[in-house]
Q: 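Pasting in a structure now, in C-alpha cells, and then I'll have a few things to ask.
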There are 2 protein chains.
Amino acid sequence: MLVYYLRSMARIKIDKNSSRKEVIVTKAAALFREKGFKAASMRDLAEAVGVEAASLYNHIKSKTELLHELCFGVANRFMHKMDEVETEKISAIEKVEELIRFHIDEMVHHYEEVYVSDREWKHLADPYLSNFQNQRRMYRKRFAAIIEAGIKNKEIKNIDAPTAVLILLHAIGGIESWHRSTQKISAEALTQNMITILVGGLKNK
Amino acid sequence: MLVYYLRSMARIKIDKNSSRKEVIVTKAAALFREKGFKAASMRDLAEAVGVEAASLYNHIKSKTELLHELCFGVANRFMHKMDEVETEKISAIEKVEELIRFHIDEMVHHYEEVYVSDREWKHLADPYLSNFQNQRRMYRKRFAAIIEAGIKNKEIKNIDAPTAVLILLHAIGGIESWHRSTQKISAEALTQNMITILVGGLKNK
DNA sequence: TTTCTTTGCTAACACATGTTAGTATATTAT
DNA sequence: ATAATATACTAACATGTGTTAGCAAAGAAA
C-alpha cells in the first residue's frame with residue numbers, strides 16, 4: 001500500500017529530434033508568452049517541463065539565456081528572409097506581399113517565439129539588448145526601403161514608408177487575438193483577409 | 001558647510017489640478033510602460049515620484065490598484081466613445097474612421113496609459129482580470145458590428161469583420177514605434193497616413 | 001500660537017526569486 | 001556486470017519585492 005506513494009525521479013521528456021535544452025526553450029516560450037518574462041518564474045517553468053527548478057541549470061545557464069535564444073532565433077530567421085527577398089527580381093509590392101505572408105506564417109506557426117521576441121526583448125541583458133534593438137531597427141529600415149522603391153515607381157501610394165512598416169508589422173501582431181479566439185476563421189482565410197486589407201491599403205490604384 | 005548636507009523631508013510635487021494619488025498614477029503609467037508592470041518595482045516608482053517606497057501607501061492601497069486604475073480608466077474612455085459613435089447618424093465607414101481617429105488620438109496624447117492598459121492587463125487581479133477581458137471582447141464585438149454593417153451595405157470590402165478589427169487595433173498600437181522614433185513625422189501626418197492605409201484597405205471601390 | 005491631521009521616513013516583515021552546491025538516482029559506456 | 005557520466009533532487013543562499021507599523025516632520029485648522 002505504501003509503495004503507491006513512492007515515485008521515481010522525474011525525467012525531462014525528449015524525443016529523437018529534441019534535446020533537453022530544446023524542450024526547455026520551447027516550454028519557456030509558451031510560459032513567457034502567457035505570463036510575461038518577469039512574471040514567469042523558473043519554478044513555473046520547471047513545473048511545465050516536469051522537473052524541479054534547480055535541475056534546469058544542468059541544461060541552461062540562466063533565465064536570461066532562454067530569452068536570448070528565443071529573441072535572436074526569431075531575429076535571425078527574419079533577417080534571412082529579408083536577405084532573400086531583397087535580391088529577388090520581383091516588383092516592390094510583390095516583395096511587400098511576400099514579407100507579409102512570411103510574417104503571418106511565422107505568427108501562425110511559431111506564435112509563442114515570435115510573440116515573446118516581439119514583446120519581451122526589453123528584458124534582455126546588455127549588450128544583447130542594444131544589439132537586438134539595432135537589429136529590429138535595421139530590419140524596419142530595410143522594409144521601409146522596399147516600400148520607398150514602390151512609392152518611387154508608383155506601385156504604392158505616396159505615404160511615409162516608416163509609418164507603413166509600423167502599421168504592417170503591428171497589424172500582423174494582431175494575430176495574437178486570432179490565437180486567443182475560440183471561434184475563428186482558418187489560417188488561410190486569415191492570411192487572405194490580411195493581404196486584402198493591408199496590401200489593398202498600400203496599392204496605388 | 002555641514003548645513004548643505006541637511007535636506008528637508010521630501011514632498012510629492014502637486015499642482016492645483018492634481019492630487020498626490022494622481023501624480024503617483026501618472027508616474028506609474030510611465031514606469032510600467034517603460035519597464036513592464038512586473039519589472040517595475042515600488043522602489044522605482046517611489047524614486048520617480050520623489051519619496052520613499054513606503055510613503056506611497058499613504059495614497060494608494062497597492063501596486064495592483066495602480067494598474068487597475070490605469071486599465072479601467074482607459075477602458076471606460078473607449079467604451080464611452082463607442083457609445084457615442086454607435087448612435088451617430090453617419091455611414092459605417094465614417095464611424096470606422098471616427099473610431100480610428102479617436103484611437104490614434106489616444107495613442108498620441110495618452111500614450112503611457114493606453115499602452116499599459118493594452119499590454120499589462122494580464123497582471124490584473126481577479127475578478128477584475130476577467131471583467132477587463134470581457135470589456136475588451138465586448139468592445140471588439142461592437143466594433144466588428146459596425147464593420148459588418150458596412151460590409152452589408154457595400155461600403156466595406158467583403159472581409160471577416162473580427163479580423164478587420166484586430167488589424168485596425170493592432171496597427172494603431174504601432175504608434176508605439178512612432179513614439180520611440182527620434183526622427184518622425186508630425187502627429188497629423190501620422191494620422192493621415194494611417195487613415196489612408198487602413199481606411200483605404202477597407203473601402204470597397 | 002497650539003493642536004490636529006496628513007505625509008514622509010526608517011526599520012522590519014514575510015515571501016518570492018534566480019541560482020549554487022552537494023548528494024542521490026538513472027543512464028550510458030566499457 | 002561494473003564504472004563513468006549525466007541528470008534530478010534537496011537544501012540553502014543572497015537578493016529582491018510589496019507591504020506594515022510606528023515615529024518624525026510638515027501642513028492645515030482652530
Side-chain angles (χ1 to χ4, degrees), chain A residues 3 5-16 18-25 27-28 31-32 34-70 116 120 122-126 128, chain B residues 3 5-16 18-25 27-28 31-32 34-70 116 120 122-126 128:
Chain A
V3 185
Y5 295 96
L6 296 178
R7 175 169 88 86
S8 69
M9 204 180 262
R11 282 280 127 176
I12 299 175
K13 285 183 189 148
I14 56 173
D15 61 41
K16 60 178 173 274
S18 307
S19 65
R20 281 182 171 81
K21 179 161 182 178
E22 281 160 347
V23 169
I24 293 167
V25 170
K27 295 284 188 183
L31 186 71
F32 295 166
E34 186 197 334
K35 295 196 173 190
F37 179 74
K38 275 295 174 182
S41 74
M42 297 303 274
R43 290 166 177 86
D44 290 333
L45 178 57
E47 186 175 348
V49 172
V51 295
E52 296 297 318
S55 306
L56 298 174
Y57 295 87
N58 285 316
H59 312 285
I60 62 163
K61 275 208 264 322
S62 66
K63 186 181 183 186
T64 304
E65 187 195 60
L66 292 169
L67 185 60
H68 183 281
E69 299 246 317
L70 290 167
V116 170
E120 303 291 327
K122 69 182 62 166
H123 302 297
L124 286 170
D126 251 324
Y128 303 111
Chain B
V3 187
Y5 295 96
L6 296 179
R7 174 169 90 85
S8 69
M9 206 182 261
R11 281 281 128 173
I12 299 174
K13 284 185 188 144
I14 57 171
D15 60 42
K16 60 180 175 274
S18 306
S19 64
R20 281 181 170 80
K21 179 164 182 176
E22 280 161 348
V23 170
I24 293 168
V25 171
K27 296 282 188 182
L31 186 71
F32 296 165
E34 186 197 335
K35 296 195 172 192
F37 179 74
K38 276 294 176 181
S41 73
M42 297 304 275
R43 289 165 179 86
D44 291 333
L45 178 57
E47 185 174 349
V49 172
V51 295
E52 297 296 318
S55 304
L56 297 174
Y57 294 88
N58 283 319
H59 310 285
I60 63 166
K61 277 208 266 316
S62 66
K63 186 182 182 185
T64 305
E65 186 194 61
L66 292 169
L67 184 62
H68 183 282
E69 299 247 315
L70 289 167
V116 171
E120 303 292 325
K122 68 180 62 164
H123 303 295
L124 286 171
D126 252 324
Y128 303 112

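Just so we're clear, the structure is a prediction, and the values are computed from it rather than from any experiment. For the numbers below, each heavy atom of this structure counts, side chains included, while hydrogens, waters and symmetry mates do not. Note on naming: letters A, B, ... go to the chains in the order of the sequence lines (proteins, then strands), and numbering restarts at 1 for each one.
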Q: Counting only side-chain N and O atoms of A/Ser55, is one of them less than 4.0 Å from OP1 or OP2 of D/dT7?
A: no
Q: Output the rounded distance in Å from CZ (A/Phe37) to C1' (C/dT17).
A: 12 Å
Q: Please enumerate all residues that pass salt bridge (Lys or Arg N to Asp or Glu O under 4.0 Å) together with B/Glu69, with sequence neighbours excluded.
A: B/Lys21
Q: In residues 40-51 of chain B, which ones come under 4.0 Å of DNA chain D, going by heavy atoms?
A: B/Ala40, B/Ser41, B/Met42, B/Arg43
Q: Could you state the atom-to-atom distance from CD1 of A/Ile60 to C1' of D/dA6 in whole Å?
A: 16 Å
Q: Please evaluate residues B/Arg20 and B/Arg11 with respect to the criterion side chain to side chain contact (heavy atoms under 4.5 Å, CB included), reporting the C-alpha separation (whole Å), side-chain torsions for both, the decisive distance (0.1 Å), and the verdict.
A: CA-CA 10 Å; B/Arg20 281 181 170 80; B/Arg11 281 281 128 173; 4.1 Å; yes
Q: Atom CG in A/Leu66, atom CG in A/Leu31: separation rounded to 0.5 Å?
A: 10.0 Å
Q: B/Glu52 CD to C/dT7 P: how many Å, rounded?
A: 17 Å
Q: Pairs in or reaching into residues 54-63 of chain A: which pass side-chain hydrogen bond (donor to acceptor under 3.5 Å, both in side chains), with residues at least two apart or in two chains?
A: A/Lys61-A/Glu65
Q: Please encode protein proximity along nucleotides 20-29 of chain D as a string of B, S and -, counting only heavy-atom distances under 4.0 Å.
A: BB---SSS--
Q: Pull out every residue in residues 62-70 of chain A that has a heavy atom closer than 4.0 Å to any atom of DNA chain C, ordered by number, or say none.
A: A/Ser62, A/Lys63
Q: Determine: side-chain N/O of A/His59 to OP1/OP2 of D/dA8, distance under 4.0 Å, yes or no.
A: yes
Q: With a 4.0 Å cut-off on heavy atoms, is A/Leu56 in touch with a base, just the backbone sugar-phosphate, or nothing at all?
A: nothing
Q: Quick one: list whatever passes side-chain contact (heavy atoms from CB on, under 4.5 Å) with A/Glu34, sequence neighbours left out.
A: none
Q: With a cut-off of 3.5 Å and sequence neighbours excluded, list every side-chain donor-acceptor pair involving residues 41-49 of chain A.
A:
residue: A/Ser41; atom: OG; partner: A/Arg43; partner atom: N; Å: 3.3
residue: A/Ser41; atom: OG; partner: A/Asp44; partner atom: N; Å: 3.0
residue: A/Ser41; atom: OG; partner: A/Asp44; partner atom: OD2; Å: 3.2
residue: A/Asp44; atom: OD2; partner: A/Ser41; partner atom: N; Å: 2.9

Q: Could you pull out all residues at least two apart from B/Ala125 that satisfy side-chain contact (heavy atoms from CB on, under 4.5 Å)?
A: B/Thr64
Q: Going by ring pair (Phe, Tyr, Trp, His ring centres under 6.0 Å), name the residues that satisfy it together with B/Phe37, two or more places apart in sequence or in a different chain.
A: B/Phe32, B/His123
Q: Drop me the distance from A/Ile24's CD1 to A/Ile14's CD1, to the nearest 0.5 angstrom.
A: 10.5 Å
Q: Tell me the closest heavy-atom pair linking B/Ala10 and B/Gly50, and the distance in Å.
A: CB-O, 3.1 Å
Q: Can you tell me the distance, in whole Å, between the NZ atom of A/Lys13 and the P atom of C/dT27?
A: 14 Å
Q: Compare every heavy atom of B/Leu67 with every heavy atom of B/Glu120, then report the nearest pair and how far apart it is.
A: O-CD2, 3.5 Å
